[in-house]
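The next block holds one structure in the form of structure tokens; read it before the comments.
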Amino acid sequence: MDILQMRDEINRSMKCNYSRLSKNDVKKAKLHLFNLSEDFKLKLKETKEPDLLINIVEEDKKNYDMPIDLMFLVYQRLIELQPHKNILLDFASYLLDIGGPDWEEELEAIRKFTNDDKIHEAVEVALKVDYLKYPFREGVELYPRN
């Protein structure tokens, strides 16, 4: 399965109505989503094609349906491959759209450095943005139950 197929399967799995499944089927579905997400992360590290990642970003903008932790990694890999001003600013906008004040410091630093044409510094900040900046409480799942 290529990275785009994985993205599609992750999105399908995220839309699953878990309330209609048995406990055993819920466990299987969640395990499938977890494994698929881990495989996606591996493929992401291997990809050398920014156009594939741009496709994922553009598709996600339509519904914001990809898991946020995976989208952070997609943006960061894209920034590694193509550290362009527009991509950096797009990532900063994504941080604002999905995180509000959670990543405000990082998005402001990315914007400031980018607007000052300090691309290297903006890239450094962008690559350090951590989805798990704030630890989850015990019992809180990374993916929603529905």
* Asked: With a cut-off of 6.0 Å (strictly less than), are more than 12 heavy atoms of other residues, nucleotides or ligands near NZ of Lys61?
  -> yes

* **Any Leu52 side-chain heavy atom under 4.5 Å of Lys43 side chain** => no

* Quick one: CD on Glu46 to CZ on Arg77, what's the gap to the nearest 0.5 Å? -> 9.5 Å

* Asked: Between Met66 and Val57, is there a shared hydrophobic cluster once you connect ILVMFWY residues whose side-chain heavy atoms come closer than 4.5 Å?
  -> yes

* **Residue pair Gln76 / Ala126: nearest heavy atoms and the distance that separates them** => NE2-O, 2.9 Å

* Are Ile98 and Leu132 in one and the same hydrophobic cluster, where Ile, Leu, Val, Met, Phe, Trp and Tyr link if side-chain heavy atoms are under 4.5 Å apart? -> yes

* Structure fact -> Heavy-atom closest pair (Pro50 atom, Leu81 atom, distance to 0.1 Å) is N-CD1, 4.1 Å

* Start with the C-alpha distance between Met6 and Leu70, add both sets of side-chain angles, then the distance that settles side chain to side chain contact (heavy atoms under 4.5 Å, CB included), and finish with yes or no. => CA-CA 12 Å; Met6 286 181 170; Leu70 296 181; over 6 Å; no

* To do: Evaluate side chain to side chain contact (heavy atoms under 4.5 Å, CB included) for Glu104 paired with Leu95, printing each intermediate quantity in order.
  => CA-CA 8 Å; Glu104 189 172 354; Leu95 293 174; over 6 Å; no

* Asked: Tyr94 and ring pair (Phe, Tyr, Trp, His ring centres under 6.0 Å): which partner among Tyr131, Trp103, Tyr75?
  -> Tyr75

* **Separation of Leu88 CG from Lys118 NZ (nearest 0.5 Å)** => 14.5 Å

* Asked: Just by modelled atom types, is the Asp2 backbone N or O under 3.5 Å from a matching donor or acceptor in the Gln5 side chain?
  -> yes

* Pick one: which of Asp65, Asn55, Asp60 meets side chain to side chain donor-acceptor pair (under 3.5 Å) with Arg7? -> Asn55

* Euclidean distance, Thr114 OG1 relative to Asp90 CG, rounded to 0.5 Å -> 11.5 Å

* Below 4.5 Å, heavy atoms only, C-beta onward: do Lys112 and Glu121 meet side chain to side chain? -> no

* **Close side-chain approach of Ile10 to Met14, heavy-atom, < 4.5 Å** => yes

* From Asp51 CG over to Ile56 CD1, what is the distance, rounded to the nearest 0.5 angstrom? -> 11.5 Å

* **Donor-acceptor contact present, side-chain Glu106 to main-chain Lys128, <3.5 Å** => no

* **Shared hydrophobic cluster for Leu89 and Phe113 (ILVMFWY, side-chain gaps under 4.5 Å)** => no

* Euclidean distance, Leu21 CG relative to Cys16 SG, rounded to 0.5 Å -> 4.5 Å

* Asked: Is any side-chain heavy atom of Ile119 closer than 4.5 Å to a side-chain heavy atom of Lys85?
  -> yes

* Dump the intermediate steps for side chain to side chain contact (heavy atoms under 4.5 Å, CB included) on Leu78 and Phe91, then the final yes or no. => CA-CA 10 Å; Leu78 180 56; Phe91 183 46; over 6 Å; no

* Please tell me if the side chains of Lys133 and Asp102 come closer than 4.5 Å, counting only heavy atoms from C-beta onward. => no

* **Shortest non-hydrogen contact between Tyr18 and Ala29, atoms and distance** => CE2-CB, 3.5 Å

* Asked: Under a 4.5 Å side-chain heavy-atom rule over Ile, Leu, Val, Met, Phe, Trp and Tyr, are Leu4 and Leu42 clustered together?
  -> no

* Can you establish whether the number of heavy atoms outside Glu105 located under 6.0 Å from its atom CD is more than 12? => no

* Could you tell me whether the side chain of Lys45 reaches within less than 4.5 Å of the side chain of Leu73, counting heavy atoms only? => no

* Atom CG in Leu53, atom CD1 in Ile87: separation rounded to 0.5 Å? -> 9.0 Å

* To do: Would you check if His120 and Glu124 make a side-chain contact, meaning some heavy-atom pair closer than 4.5 Å?
  => yes

* To do: State, yes or no, whether a side-chain contact exists between Ile54 and Gln82 at a heavy-atom distance under 4.5 Å.
  => yes

